[in-house]
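Written below as structure tokens is the structure these notes are about.
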2 protein chains.
Amino acid sequence: MNGSPQPGSHLSTPANMADVAREAGVSIATVSRALRGRPGVGEATRTRVQAVAERLSYVISPEASHLSRGETGRVAVVVPLLQPWFYATLVSALVGHLREAGLDTLIYQVDGAQERGRFLAELPARRKVDAVVLAALPLTPDQRDRLDLLGVRVVVAGGRLRDLPHVRVDDLAVAHTAVDHLVGLGHRRIAMVRTSDTDETPWEADLQRARGWRERMDHHGLGPVEELLVTEELGPRAGARALDRLLALPDPPTAVFAYSDELAAAVAVRAHERGLRVPEDLSVMGVDGHPVADLLNLTTVDQHVAEQAAETAATVIALVRSRAADLPGGVDPVAHRHDVVLDHTLVVRASTAPPSA
Amino acid sequence: MNGSPQPGSHLSTPANMADVAREAGVSIATVSRALRGRPGVGEATRTRVQAVAERLSYVISPEASHLSRGETGRVAVVVPLLQPWFYATLVSALVGHLREAGLDTLIYQVDGAQERGRFLAELPARRKVDAVVLAALPLTPDQRDRLDLLGVRVVVAGGRLRDLPHVRVDDLAVAHTAVDHLVGLGHRRIAMVRTSDTDETPWEADLQRARGWRERMDHHGLGPVEELLVTEELGPRAGARALDRLLALPDPPTAVFAYSDELAAAVAVRAHERGLRVPEDLSVMGVDGHPVADLLNLTTVDQHVAEQAAETAATVIALVRSRAADLPGGVDPVAHRHDVVLDHTLVVRASTAPPSA
DNA sequence: CTGAAAGCGCTTACAG
DNA sequence: CTGAAAGCGCTTACAG
């Protein structure tokens with residue numbers, strides 16, 4: 001069946017297990033065992049089979065192997081967008097860890113409520129993967145319910161969703177840390193700047209950070225603060241517009257807490273353009289641990305994305321393994337163990353200082 | 001065969017084609033035709049089958065379908081790293097286009113010569129995908145030869161490799177454009193800054209940009225320039241170190257052409273730290289069209305990454321389709337058509353100006 | 001228009 | 001230690 005190459009193709013048909021078996025003079029069952037490192041094969045036989053496989057540059061067909069075993073060896077990672085630093089970093093680390101565990105990664109980008117709806121409606125991941133990682137996706141209640149129809153294990157990274165296992169930082173505490181830092185420096189007018197998707201669906205991390213900021217301002221007796229909360233539509237000019245609005249207030253803030261480092265960077269650059277010195281005239285800080293914060297020397301709350309990815313990968317791998325082992329008992333120990341909340345770290349740099357008198 | 005749920009699992013076993021066939025009172029052959037939209041099924045039958053599939057929330061098993069059809073519906077995208085803006089942007093756009101064509105994307109990160117060697121040695125993509133996109137990977141001649149063993153079609157994005165179909169910008173011309181811009185402003189001492197991997201393997205875009213810079217400096221009678229070429233190891237401090245070295249020269253440059261926008265940004269920030277005004281004391285420009293260049297108002301040569309991705313996707317899709325159609329003739333029209341060189345664009349911003357007298 | 005059957009390339013009890 | 005055979009879930013000539 002593997003005779004001459006197909007016409008029209010310069011790629012020769014790859015060998016299959018039957019070819020190896022024939023060349024090695026054994027059955028395909030033995031080839032399978034030998035190559036998968038399963039017991040029950042003589043050492044000499046195993047060596048011979050491996051040599052033949054090597055010579056024919058044969059590798060086991062994942063398609064067939066998985067069909068037979070009822071698993072795919074693949075994990076889907078679903079992100080709103082791949083480009084932003086947070087997602088690129090998260091996915092990059094995830095891919096690395098999953099690869100080490102022998103799992104391939106399939107990427108799905110579902111930007112906007114419509115795409116998310118379509119994704120869940122079409123269930124594209126279904127049967128294509130052993131598990132799905134949802135990276136901080138805002139979902140409607142209805143969409144959450146549809147998750148079960150995916151028919152695979154789901155892990156949430158960078159947020160929380162229903163009772164699914166998840167890995168995240170405590171965004172409420174992140175905001176508290178930021179506000180405490182600025183209050184500690186002597187600021188009393190502390191603005192919060194964030195961006196909105198064009199999307200209606202609430203984004204949990206965003207809600208929590210805004211809530212944490214509000215809570216903590218009240219806690220320090222600095223509320224009410226609603227006029228200091230500015231939301232701009234996501235885009236390269238969001239930070240500039242937000243700062244312009246804040247500076248137009250009768251009593252402008254002396255410090256800005258931005259939802260992300262990218263936003264903080266844009267605010268800091270805009271401050272320069274407006275002739276304000278950072279931090280003398282305005283303190284600026286963000287959240288993430290983004291390289292741009294390092295480059296521009298901005299204070300930030302590092303949310304350790306690489307660690308979040310590592311924990312997420314560990315959770316996924318455990319789930320896949322437990323399914324492979326088909327654990328008895330009706331209870332899934334893994335799912336109940338994994339509500340992982342990682343620490344965040346305040347990184348003080350040159351963009352925050354006491355307000356000038 | 002799809003009786004009660006497995007013990008230990010709260011996920012019910014998904015229906016298979018046989019379940020649908022039984023419920024609809026037809027053979028699995030008919031189910032297959034009906035669901036795949038193939039001809040030869042009565043309209044009433046098709047409708048009924050679709051209704052049953054819907055009710056059982058059945059979707060065709062990609063594993064089985066692909067095994068049967070001899071294709072996977074998947075494309076592998078191989079990048080050195082996913083995190084840098086260029087790769088994140090390229091992959092993000094690729095995933096989108098491939099998805100529209102019904103193809104899933106598998107991500108492989110092969111950072112460093114060792115990983116690349118291992119990737120090619122283990123041929124992980126083999127039989128897992130219908131095609132592979134190599135994103136600007138520096139490969140040794142030996143590794144290039146091993147590509148054939150992948151057993152799948154290969155397309156190169158952001159560079160050129162052997163006789164493989166590829167999509168790229170002309171990096172020689174990119175450097176010419178940059179040098180011409182700076183010379184046109186009156187600069188005569190124009191440095192080039194770049195980063196090296198720890199890696200020995202030559203990176204084509206890098207070599208081309210350096211060569212183009214050198215060529216064009218000579219062309220304008222401004223050579224020899226070797227002392228103005230600074231290579232620093234990749235990292236967050238590369239730009240700062242590079243500028244420090246240039247400023248230590250007896251006759252420092254008045255303009256810096258950086259390999260990338262990220263590097264240009266680091267150089268510009270370092271210039272500020274050193275008390276130099278940009279562009280009055282030093283002109284700085286990069287390559288990419290990176291958001292940070294926009295943020296910091298840096299002149300750049302935009303290499304239109306999204307368009308490169310679109311062309312790459314189109315090439316891959318054509319290759320996959322042509323293979324599916326099993327074109328006769330021994331010649332592959334697609335492979336020979338696709339040496340796509342896209343235009344680049346000079347974007348002049350505030351970081352370049354005539355040198356001060 | 002429809003079905004029985006072979007085949008895609010494996011894995012794994014089961015029986016030696 | 002090894003093999004024959006059933007099965008994973010499809011697709012597709014082939015024959016009605």
Side-chain angles (χ1 to χ4, degrees), chain A residues 1-3 6 13-50 52-53 56-73 126-128 130 151 323-326, chain B residues 1-3 6 13-50 52-53 56 58-73 126-128 130 151 324-326:
Chain A
M1 67 181 48
N2 273 297
Q6 315 252 337
T13 308
N16 61 20
M17 202 172 258
D19 296 325
V20 177
R22 196 181 325 109
E23 290 280 317
V26 294
S27 72
I28 61 166
T30 297
V31 173
S32 177
R33 291 186 193 107
L35 261 27
R36 302 195 68 228
R38 314 239 66 158
V41 188
E43 206 37 61
T45 310
R46 191 184 298 270
T47 309
R48 182 154 39 93
V49 169
Q50 283 170 338
V52 172
L56 301 183
S57 50
Y58 169 78
V59 291
I60 290 178
S61 158
E63 296 294 310
S65 177
H66 293 144
L67 174 57
S68 201
R69 286 143 53 94
E71 49 178 80
T72 68
R126 183 163 191 181
R127 313 178 94 177
K128 293 185 176 181
D130 299 330
R323 184 169 100 160
D326 210 51
Chain B
M1 71 181 43
N2 272 298
Q6 314 253 337
T13 308
N16 62 18
M17 203 171 258
D19 295 326
V20 177
R22 195 180 324 110
E23 290 279 316
V26 294
S27 72
I28 61 166
T30 296
V31 174
S32 177
R33 291 187 193 106
L35 261 27
R36 302 194 67 228
R38 313 240 64 159
V41 187
E43 205 40 60
T45 311
R46 190 184 298 270
T47 309
R48 182 158 36 94
V49 169
Q50 283 170 339
V52 172
L56 302 182
Y58 169 77
V59 289
I60 290 179
S61 157
E63 294 295 309
S65 176
H66 292 144
L67 175 58
S68 202
R69 288 142 52 96
E71 48 178 79
T72 67
R126 182 163 192 181
R127 312 176 95 178
K128 293 185 176 180
D130 298 330
D326 207 53

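Reminder, nothing fancy here: chain letters follow the sequence lines and each chain counts from 1. Hydrogens, waters and symmetry mates are skipped; everything else that's a heavy atom, side chains included, is used.
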Using whole Å, report how far [atom1] of [X] lies from [atom2] of [N].
X        : N      : atom1 : atom2 : value
A/Arg22  : C/dC10 : CZ    : P     : 12 Å
A/Leu67  : C/dG7  : CG    : C1'   : 12 Å
B/Glu71  : D/dC10 : CD    : C1'   : 13 Å
B/Glu63  : D/dC10 : CD    : P     : 11 Å
A/Asn16  : C/dC8  : CG    : P     : 8 Å
B/Arg46  : C/dC1  : CZ    : P     : 9 Å
A/Lys128 : D/dG9  : NZ    : P     : 18 Å

Report task. Report yes if at least one side-chain N or O of B/Thr45 is closer than 4.0 Å to OP1 or OP2 of C/dT2; otherwise report no. Result -> yes

Q. When you check the phosphate oxygens OP1 and OP2 of D/dG9, does a side-chain N or O of A/Arg127 lie under 4.0 Å from one of them?
A. no

Note on DNA chain C: ranges paired as stems (three or more Watson-Crick/G-U pairs in a row, both atom distances under 3.5 Å) are C:1-3 with D:14-16, C:5-12 with D:5-12, C:14-16 with D:1-3

For the student: nearest non-hydrogen atoms of [X] and [Y], plus distance:
X       : Y       : answer
A/Leu35 : A/Tyr58 : CD2-CE2, 3.6 Å
A/Ala64 : A/Ser61 : N-OG, 3.2 Å
A/Val31 : A/Val26 : CG2-CG2, 3.7 Å

To the nearest 0.5 Å, atom CG of B/Asp130 lies from atom NE2 of B/His66 at 7.0 Å

CD of B/Glu71 to CD of A/Glu63, rounded to nearest 0.5 Å, is 10.0 Å

For B/Ser27, the side chain to side chain donor-acceptor pair (under 3.5 Å) test, sequence neighbours excluded, returns B/Thr30

By side chain to side chain donor-acceptor pair (under 3.5 Å), B/Glu23 pairs with (sequence neighbours left out) B/Arg55

Contacts of B/Ile28 meeting side-chain contact (heavy atoms from CB on, under 4.5 Å) (sequence neighbours excluded), chain-then-number -> B/Met17, B/Ala18, B/Ala21

Would you give me the side-chain donor-acceptor pairs under 3.5 Å for residues 38-46 of chain B, sequence neighbours excluded?
| from | atom 1 | to | atom 2 | distance (Å) |
| --- | --- | --- | --- | --- |
| B/Arg46 | NH1 | B/Ala34 | O | 3.2 |
| B/Arg46 | NH2 | B/Arg38 | O | 2.7 |

Protein heavy-atom contacts under 4.0 Å, written 5' to 3' over nucleotides 11-16 of chain D as B (base), S (sugar-phosphate only) or - (none), form the string BBB---

Q: Quote, to the nearest angstrom, the P distance that separates D/dA5 from D/dC1.
A: 23 Å

inquiry  = So B/Gly42, base contact, sugar-phosphate only, or nothing? Heavy-atom distance under 4.0 Å.
reply    = sugar-phosphate

